[in-house]
Structures are given as structure tokens and as C-alpha cells.
Amino acid sequence: MDAERRKKLEKTTRYESAEVEARIFAEWIEGGYFHPKPDGDPAENYSVAIPPPNVTGALHMGHALNGSMQDALVRMNRMRGRNALWTLGTDHAGIATQAVVEKMLAKEGTSRQELGREAFVERVWAWKEEYGSRIVEQYKRLGASLDYENERFTLDEGYVKAVYRVFKQLYDKGYVYRDNYMVNWDPGSHSAISDLEVENREVEDTLYSIDYPVEGSDRVLTVATVRPETMLADTAVAVNPDDERYADLIGEHCLLPLVGRRIPVIADEHVDPEFGTGALKITPGHDPNDFEIGRKHGLEEIGVIGPDGRMNEEAGEPFAGLSAAEAQEAVVAALREEGRLREEEPYVHSVPFSERSGARIEPLISLQWFCRMDELAAPAIEVVERDEVRITPPQWKRVYLDWMREIRPWCVSRQLWWGHRIPVWYCDACKETIVAEEAPAECGACRGPLRQEEDVLDTWFSSALWPFATLGWPEDTAELRAFYPTSFLTTAREILFLWVARMIMTGIEFAGDVPFRDVYVHSVIQARDGRRMSKSLGTGIDPLEEIDEHGADALRFGLLAMSSTQDVRFSDAKVQQGADLANKLWNASRLILLNVAEVEAAPRPAGVEDRWLLSRLEETIASVTAKLEEYDFAHAAAEAYAFFWSELCDWYLEIVKPRLYEGEEEVSATLLWALERTLALLHPIMPFVTEEIWSYHPSRHGHLTVHSFPGADQSLLDPEAEAEVRTGIELTRRLRAWRDLVEAPAATVLPARAEGAPPREFVGRLARFEFGEDGGDPVAAVGPVKILASEAIDAEAIASRLEARREELRSEVSRAEGKLGNEKFVARAPAEVVEEEREKLERYRAELEELSE
RNA sequence: GGGCGCGUAGCUCAGUGGGAGAGCGCUCGCCUCACACGCGAGAGGUCGCUGGUUCGAACCCAGCCGCGCCCACCA
């Protein structure tokens, strides 16, 4: 260490994250440590594909947590010498991005319709170029060791190739098809959306009962509905086949009020005779259940509500042109006028809404592209059943399997402009449909001009290919051979189906292997008050503000420490704990680095405390490593913290300070060695502060980020030393507590005499007792230590202290006696438990006797 | 309707059968030559309720109360 560096270390008594982080990060990038060569094979390498954040996004707490976990594992494995790749990239996020740009256009007083498709898409690209990299910069602030030299985007050239290849192959296999089918129409984004993008909310509606007259009779069938406007599209009334009340009406017809259409009365088991009157109006065009029933019975499918959410011509006068809500009022009024409205009652039920736009879903029949999932799901079920893809925590395995076993076709087309335009071309002349990876020049059948499908693919169709498309698939690339399958994936559970399941399916089908070996479903960090963190609720906490204020290491430590298997509230205290730890690391390191002798770092135990520390260090390394490997980040962080703070700093450093100040070589070597291993162990969790401290370490020959990760050294384990030091620590604690109880002045050294073997030297020093040989009168006893009379302590305090301790002991003795007096306990409890209890009893009795003298 | 999870110190959370833990907060004492973002010592829990199993239960079982999440086509 040169004089200038030494001076800086001497005077910097507080760790300043803001001063350190940008500088250290630049060094890592310059070193090229995060951009591995595609050598080796996936079994020996380590790779992770980042869940691609949306280009619209800014780093939020979920990213920060997820990123802290991934980075911890990637860094640990990189330090272990594995070729480690953490792939960076972003998602074009169809609906979300389109919505953002449309909002911007609205502010400019224009719209995508006005611009036209081509110009609009150009605007989105321009927007992406400007804002799309924002989140990447934010990941750097977090310290994420991503491969910044190879950033992917789900719409970049190579990626589009992968998407088109997959679509084409699925089409050729007959999995992808086009059909007129009931879809979730989102009037907000003017597109169909998948089942997974729909959320059900409780809504209070009115349940209307309407009389449908039976043709050629004066009977009526009363049906109940919350959407009376859809009656205009009714094509049947259904009753349960076993419902005797209506048995004679099956096969008859009703006359649809307001419309006059003859609609059949049909029998279907889906109808619950207990609900309402037991008669159900059937609207195949606007209700998913009715659609199923309609297809089963071959009913006509009429659509009266258009994609714009308004009534179309099929609705007839006077309803055509009204919004659905207006139409509802008008229909109810008309029914009331005709005397067909029997009842109106408030009714609470769950209603589908679009997660994207928030609009109420309008179920309608529409011509869309679908993907059949059964065949893709089958092997994806098997690999999870056989734990070839392990899901942690394990309860999510069943959730995954349950969903996969019930999987339904996936509507993959979206009526948007931003996304992968579906690779299908139509010939209007000869009605030919061509599915191709590249645009055909002309119709193969009649040489006529071709028109490409207007629709784009669901964003998740492309993200499903993420782990292999980012590595260059469908080309046979070196990256693919080196890094696929990836090692693990960590994700929020909300995208387990939307994304994770689909990656497993496409990985097996197209890349020939599972996309990752391990899936860790992490907990959700809630707002401080327990609500969801969300921008719209105003409950979000900005990770960048936390980083600015406390440092990236503090946030990383805090997030890992607060994460567990259950959802937790964001804890400022845990982030502060991380900041405190960074500062403590810095200062403990200053103590060591500024005082050691010039020696090689090495374990050179000279005293029992050295052997104790080395043993505890090895145990901690083994334990923290095991915790990280099983994705138990919270305990890994907590254990590393406890070892460093309580054992290394509070005890070991205090014990060896005199030796350190004397410049003893053994303790210097041991301290440097322990510091090196501790920094390396903590580096995956707190990369910045550990790297910064490492830059002052005399053993440094390169960056810590590529230093070897410590493997636990069994030969340093030393149970005897641990037991002995533990005894000394325990005695020190009791002596300190005694001082406090008798209110001895903090700085005063009290006289004492040891009975039997004298305690370790540090006991007297740290507890501030001076052990002598002379035989003054003992005024109290703490374990083997007799405390001698002195002016600093008063007798009354001693008496009360003695009594308090005796009381404690009496209670312990009676507890142990009670237990041992229980014949059943002695007879049935394991022998070692009973023996332990006997030893305790003896010990307490002995001490009690001693104090009663 | 089905499934999963939670209820432990004032707060946020660990703890899956043998004497209740952490961080923060609180009280008392310390500017002890690494750190006051610090050091030392404490106070503070009938482990949601009721039963059961067991020599022994925060932990296993049953029921109940309260809270949360996911899935689901009852109009």
C-alpha cells in the first residue's frame, strides 16, 4: 500500500457507497469479466437468462430482488472458476409499449390511426431507442454482473428469425391454427387477450329476470341475466335435462322479446336447476359458457357487440350504435315497457377485466390464431414430475402441474401494431394461405400479390423462446452449445404460467432440452403497509432512491435478508442493516489493514482464539455456501452477518487487538487470511464494498470479482478450541453483567481472584477485572471468579445481585428436578436427553450452593 | 367452489418435537486509540383460540376465528 492509499484508508472512517460504486463498476466492465467466451459445456458452465424487463420499464423492487438473487449466484459461480454468463436483454412488451407510445401521441394531438401503421411502428422504435435502455443502466447501479456486451431484444433481427421459425414449425405440426372462436376481447387495447391476462374482480351488478314467452302457449320461461343487452343475440334457452318442470318444453320454441326470433328450448347438463328459475338464456356470441353449449348443440352464433364495444347492425333498431352500457339501459326500458321484466335485484359476482387496460372484458367470437397446447405440455409435465426441472419451494411444483394438466388452447394473435407481425400471407385472388419464415414474393399458386396478416403475436409467444433465442437459436451457435440449458431461473410466481411454463414447453420442443434445471419462485416484497407495491396505488418504493441513499450493497443485502418463502413487507431496517454492515466491514478492515505486520496471508494460529476463529470461519463458509446453493438467500445473509459482526468483530478483533498492535506475525497472517476469505464469501451479496476493501489488501493480485470463492477447509475445524473460547466468552459476559448490576463505574478495573485454573487472559481485559493472587475477602462469586471488595462497588447492590442470581438458579433447579422426577420422562426420553438434564441439574445445584455460602 | 399460505417480543420477521430467537425500536451505562451507521448491559412474548397425540408441542393431528394469494364457465 503506498503512502497516499494508506492515508486515505486512515482518514476515511465511514464507508461512502456513492464515492465507490461507479468507479468499481467501471473497473469490472473494463476487465471484461462479465462477457465470457463460449467455451466448455453447459454442465461445467453456469448461465442464467435474465427475465427480460419490459422496455417501458424502470427498475422496480421486484427487479431489484430478482436481480440481487441472480447476481449472487452468478457471482458465486464465476468466482468458483466456472464460465459464467448472465444474459441481458429486454422485452418489446407489445400491449404495454404500444399503450405508452399511444398516450404520448395523444398528448401531441395525434393518434396511431392518424399516423398509420408503418409510421406508428417507426415511432415506437424511436421511443425504444430513447428510453429502452434506461432499465439496463439501472441494473448497472445495482451492480448486476450481466453481459452488457451482448444485449438482446425480443424484436431484434435474430430473435425475429427464431419467432418465425417456431411459428412455422408449430403450424406445420398442426398445433397453430386459425379459428373463429370465443375470445377475451379487451376493448381497452382493442385486441384479443389470453386467459392469463384476464383477472376476475367482484362487481355488484343487477340481475334481471326476463320472461321469454313460449311459442303456441301462454307459458313463459323466465331467465336471469346481468347482461340483458346480450339477449339480442340469444339463440336458445336451455334447461337441465332432468328438470321435470320443463321436460315438456324441450324441443319447443320461445319467441325472443324485442327481437321476435324463434329460439329453441334445449336441454343441457350445464344448467343448474337450483339457480333462479332453472332456465338459462343462451348467447353463444357473447358468453364463454353459452359458446360451448352453442357449439355442442349446433346453435347459430350471433354477434351484436362489436370490437369497439358498441352494438352493431345485428342488434337492430334502436340499439345499433349504442355502447353496451347504453344498450343495456335501452333494452331494460323496452322490456319493462313490454311487461317482460319480472325482477331486478342487486347481484355480486366476479367479472373478467383486462389486466392490461383495466377494461371490462367483452367476450366475443373472433377470427384469431390459436396454439393447441396438449402435445407441448405433455413432456413439460414429465420433466417437472421427474424433477429434471426442479421447482423451489416445492409447493409450486404442484401448482404448475395442476395448471399444465388442465391447459387450454392459447390465443396467440393480437390486434396490435407493435410486435412480431404474424408470418402468414394471404392471396386474395386464389384464397391461398402461406405460412413462411420469410415473406414470399408472390402467391405460389396463382402468382398473385400477397397480403401479410395484420395481427401480431402475443408478447409471451416470443418471450417463451428467451433462454435459447438469446443464445442464437435457430442457428447452431457456440453460445448455445456452451450455455444451453441455462442453470437456473428465478421468477415471481405471477408469471409461472404466463412465462415459465411456456419456456419449458418451447425449450423441449425446439431446443431439444429443458431451458433451465432449477426454478426458484421468490417471495413478493410488499409495501411498508402490507399493500401491493404498485405505481398506480402510489405504494411503490424506488430501488434507485434506496441505492442513492444507502448504497447498492445495502439494498442488495436488505432485499436478500428480507426475502423468505412467504411474502414480506419492505423493511427499511433491513436495508439499514446492510448499510451498517458495509460500514462495519470497512472499519474492521481498516483496523486490520492498517495494523498488520508485513506477512503473507495464511492461517497461522498461535492461540486458542485463533483456532476458534478459523474453525468458526470455516463453518460459516460451509453454511452460507450451502444456503446460497439451495436459494435460501435470507439465511445466507443473516449467517454471514452474524459471524462477521458478532464473532469476528465483537469477539475476535477485541481479543487479539493487543497482539495486532504489537505487530505479531501470526495474528497478522491469520487476520489477513480471514479477511480475504470473508470478503470473498460476502462478495456475491455485497460486491462493491468487498471489492473496494480488497483493493487495499496486500494479497491482491486482481479483482475480487474473479478471485476464487472460498471452499470450506475441514482441517481447520476445531471443536475443542470452540468450546474453550465459548467458555471464556460466557464468563466475560457474566462478569460484565455483574458489573452493570452493581453499577460499577464503566472504566474502573475491579479486583478479582480466580479459583482453580485462571480464565483466559482476554476475560479480565474485556470485562475489566484484574486477577491477583492476594487473599482479600471475596464479596461475590461469578462462576470460578471471586470478586474482591473495592471502593467502586457497594455492598447492597451486591446483595441484591446475589439474591437475583440465587432466584434464577432455584427456578432452574426446580425445573430440572421436576423433569427428572417424572418417571415417564426418565423411562421414555432418549438417554442423552435425560443425561443432559442431569448434568444441568448438577451444575445449577453446585452454583447455588456456592452462592449460599 | 377448489387449492396454497400466514397469524411468534412494540414493529418487521426467523424458528417443523427437548430449556422462546434476530434486526429495528425501548431502558441503563460508555465519545474504551476500526467503526457513535459504534461498544457493553438489560427490559419486553399464556408462540390466534379450543381440543387431541406424546414422557415432552410454537413445531404433529382435528376443529374454530382472523388475514392474504392463486385457480375456477353457475346465468
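Quick note: numbers below take in every heavy atom, side chains included, and nothing from hydrogens, waters or symmetry partners. Letters A, B, ... mirror the listed sequences (proteins, then strands); counts begin at 1.
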Asks: Scan Arg765(A) against the nucleic acid and name what it touches under 4.0 Å (heavy atoms): base, sugar-phosphate only, or nothing.
Replies: nothing

Asks: Looking at every strand, decide which applies to Pro830(A) at a 4.0 Å heavy-atom threshold: base, sugar-phosphate, or nothing.
Replies: base

Asks: Checking side-chain polar atoms at under 3.5 Å, does Asp272(A) have a donor or acceptor matched by the opposite partner on Asn240(A)?
Replies: no

Asks: Between Phe291(A) and Tyr181(A), is the ring centre distance below 6.0 Å?
Replies: yes

Asks: Take Val826(A) and Pro273(A), find for each the nucleotide of RNA chain B with the closest heavy atom, and name the residue whose nucleotide sits nearer the 5' end.
Replies: Val826(A)

Asks: Got a salt bridge between Arg342(A) and Asp211(A), using NZ or NE/NH1/NH2 to carboxylate O under 4.0 Å?
Replies: yes

Asks: Would you say Arg532(A) has more than 12 foreign heavy atoms packed within less than 6.0 Å of its CZ?
Replies: no

Asks: Would you say G42(B) has OP1 or OP2 under 4.0 Å from some side-chain N or O of Arg733(A)?
Replies: no

Asks: Can a side chain N or O of Gln566(A) be found less than 4.0 Å away from OP1 or OP2 on A14(B)?
Replies: yes

Asks: When you compare U16(B) with A58(B), how far apart are their P atoms, in angstrom units rounded to a whole number?
Replies: 14 Å

Asks: Counting any heavy atom closer than 4.0 Å, what does Ala638(A) reach on the DNA or RNA strands: base, sugar-phosphate only, or nothing?
Replies: nothing

Asks: Work out how far the C1' atom of C26(B) is from that of C11(B), and round it to whole angstrom.
Replies: 12 Å

Asks: Scan every strand shown for a Watson-Crick or G-U wobble partner of G5(B), both distances under 3.5 Å, and answer none if you come up empty.
Replies: C67(B)

Asks: For the side chain of Arg736(A), counting heavy atoms from C-beta on, which of C73(B), U12(B), A41(B) is nearest?
Replies: A41(B)

Asks: Which part of the nucleic acid, if any, lies within contact of Val833(A), taking any heavy atom under 4.0 Å across all strands shown: a base, the sugar-phosphate backbone alone, or nothing?
Replies: base

Asks: Given G29(B), G38(B), G15(B), identify the nucleotide with an atom nearest to the side chain of Ala746(A).
Replies: G29(B)

Asks: So what's U46(B) paired with, Watson-Crick or G-U wobble, going by both distances under 3.5 Å?
Replies: none

Asks: I'd like the C1' distance from G40(B) over to C35(B), given in whole Å.
Replies: 15 Å

Asks: Measure the distance from CD on Gln576(A) to P on A22(B) and round it to the nearest whole Å.
Replies: 19 Å

Asks: OP1 or OP2 of C4(B) less than 4.0 angstrom from a side-chain nitrogen or oxygen of Arg398(A), does that happen here?
Replies: yes

Asks: Could you measure between the two C1' atoms, the one in G52(B) and the one in C59(B), and give it in whole Å?
Replies: 15 Å

Asks: As a test of reading the structure: which of C71(B), C39(B), C35(B) is closest to the side chain of Phe497(A), going by heavy atoms?
Replies: C71(B)

Asks: Report which part of the nucleic acid Tyr844(A) touches: base, sugar-phosphate, or nothing (heavy-atom distance under 4.0 Å, all strands).
Replies: base

Asks: Would you say the side chain of His270(A) and the base of C74(B) hold a donor-acceptor pair, judged only by whether the two atoms sit under 3.5 Å apart?
Replies: no

Asks: With the side chain of Arg569(A) defined as its heavy atoms from C-beta on, choose the nearest nucleotide among C13(B), C35(B), A41(B).
Replies: C13(B)

Asks: Taking pairing as Watson-Crick or G-U wobble with both contacts under 3.5 Å, can you name the mate of C59(B), or confirm there isn't one?
Replies: none

Asks: Say we look at G21(B) and C49(B): how far apart would their C1' atoms be, to the nearest angstrom?
Replies: 24 Å

Asks: Between G18(B), G15(B), A41(B), which nucleotide has the shortest distance from any of its atoms to the side chain of Lys819(A)?
Replies: G18(B)

Asks: CD1 of Ile525(A) versus P of U12(B): gap in Å, rounded?
Replies: 15 Å

Asks: When rounded to the nearest Å, what value does the distance between P atoms of C67(B) and G25(B) take?
Replies: 32 Å

Asks: Does Asp268(A) pair with Lys296(A) as a salt bridge, N-O distance under 4.0 Å?
Replies: yes

Asks: Run the side chain to side chain donor-acceptor pair (under 3.5 Å) check on Ser350(A) and Glu202(A) step by step: do they pass?
Replies: CA-CA 4 Å; Ser350(A) 74; Glu202(A) 294 266 288; 5.0 Å; no

Asks: Base, sugar-phosphate, or nothing for Tyr15(A), non-hydrogen atoms under 4.0 angstrom?
Replies: nothing

Asks: Please identify which of these residues, Asp287(A), Asp290(A), Asp234(A), meets the side-chain hydrogen bond (donor to acceptor under 3.5 Å, both in side chains) condition with Lys281(A).
Replies: Asp234(A)

Asks: Distance check, P atoms only: C28(B) and G7(B), in whole angstrom units.
Replies: 34 Å

Asks: Taking atom CD of Glu823(A) as the centre, does the number of heavy atoms from other residues, nucleotides or ligands within less than 6.0 Å exceed 12?
Replies: no

Asks: What is the base-pairing partner of G38(B), counting Watson-Crick and G-U wobble geometry with both distances under 3.5 Å?
Replies: C30(B)

Asks: In whole angstroms, how far is the P atom of G18(B) from the CG atom of Leu820(A)?
Replies: 17 Å

Asks: Is any N or O donor-acceptor pair between the side chain of Asp740(A) and the base of G40(B) shorter than 3.5 Å?
Replies: yes

Asks: Using the side-chain heavy atoms of Arg493(A), tell me which of these nucleotides is nearest: G40(B), G15(B), C69(B).
Replies: C69(B)

Asks: Hey, does Ser589(A) reach any base, or is it just sugar-phosphate, or nothing, if we go heavy atoms under 4.0 Å?
Replies: nothing

Asks: If you pin Ser811(A) and Trp738(A) to their nearest nucleotides in RNA chain B, which one's is more 5'?
Replies: Ser811(A)

Asks: Let me know the distance between CH2 of Trp651(A) and C1' of C39(B), rounded to the nearest Å.
Replies: 11 Å

Asks: Sticking with atom P, work out how far G56(B) lies from C13(B), rounded to a whole angstrom.
Replies: 34 Å

Asks: Scan Asn822(A) against the nucleic acid and name what it touches under 4.0 Å (heavy atoms): base, sugar-phosphate only, or nothing.
Replies: sugar-phosphate

Asks: Check every strand shown and say whether Lys281(A) touches a base, only sugar-phosphate, or nothing at a heavy-atom separation below 4.0 Å.
Replies: nothing

Asks: Describe the nucleic acid contact of Glu292(A) in one word from base, sugar-phosphate, nothing, applying a heavy-atom distance below 4.0 Å.
Replies: nothing

Asks: Let's test this: given Watson-Crick or G-U wobble pairing with both distances under 3.5 Å, identify the partner of A72(B).
Replies: none

Asks: Any side-chain N or O of Lys584(A) under 4.0 Å from OP1/OP2 of C39(B)?
Replies: yes

Asks: What is the distance from CG of Leu648(A) to P of C35(B), rounded to the nearest Å?
Replies: 16 Å

Asks: Would Lys819(A) and Glu836(A) pass as an ion pair if we require N to O under 4.0 Å?
Replies: no

Asks: In this structure, how many angstroms lie between the C1' atom of G38(B) and the CG atom of Asn587(A), rounded?
Replies: 9 Å

Asks: Between A72(B) atom P and Arg201(A) atom CZ, what is the distance in whole Å?
Replies: 16 Å

Asks: Output the rounded distance in Å from CG (Asp650(A)) to C1' (A22(B)).
Replies: 14 Å

Asks: Taking CD in Glu344(A) as the centre, count heavy atoms belonging to other residues, nucleotides or ligands within less than 6.0 Å. Is the count above 12?
Replies: yes

Asks: Is any side-chain nitrogen or oxygen of Thr13(A) closer than 4.0 Å to OP1 or OP2 of C35(B)?
Replies: no

Asks: Quick one: look up who G23(B) pairs with, Watson-Crick or G-U, both distances under 3.5 Å, and put none if it's unpaired.
Replies: C11(B)

Asks: Once you apply a heavy-atom cut-off of 4.0 Å, does Asp572(A) come out as touching a base, just sugar-phosphate, or nothing?
Replies: nothing

Asks: Looking at Trp645(A), I'd like to know whether one of its side-chain N or O atoms comes within less than 4.0 Å of OP1 or OP2 on C39(B).
Replies: yes

Asks: Taking the minimum atom-to-atom distance to the side chain of Asn583(A), which one of G18(B), G15(B), C35(B) wins?
Replies: C35(B)

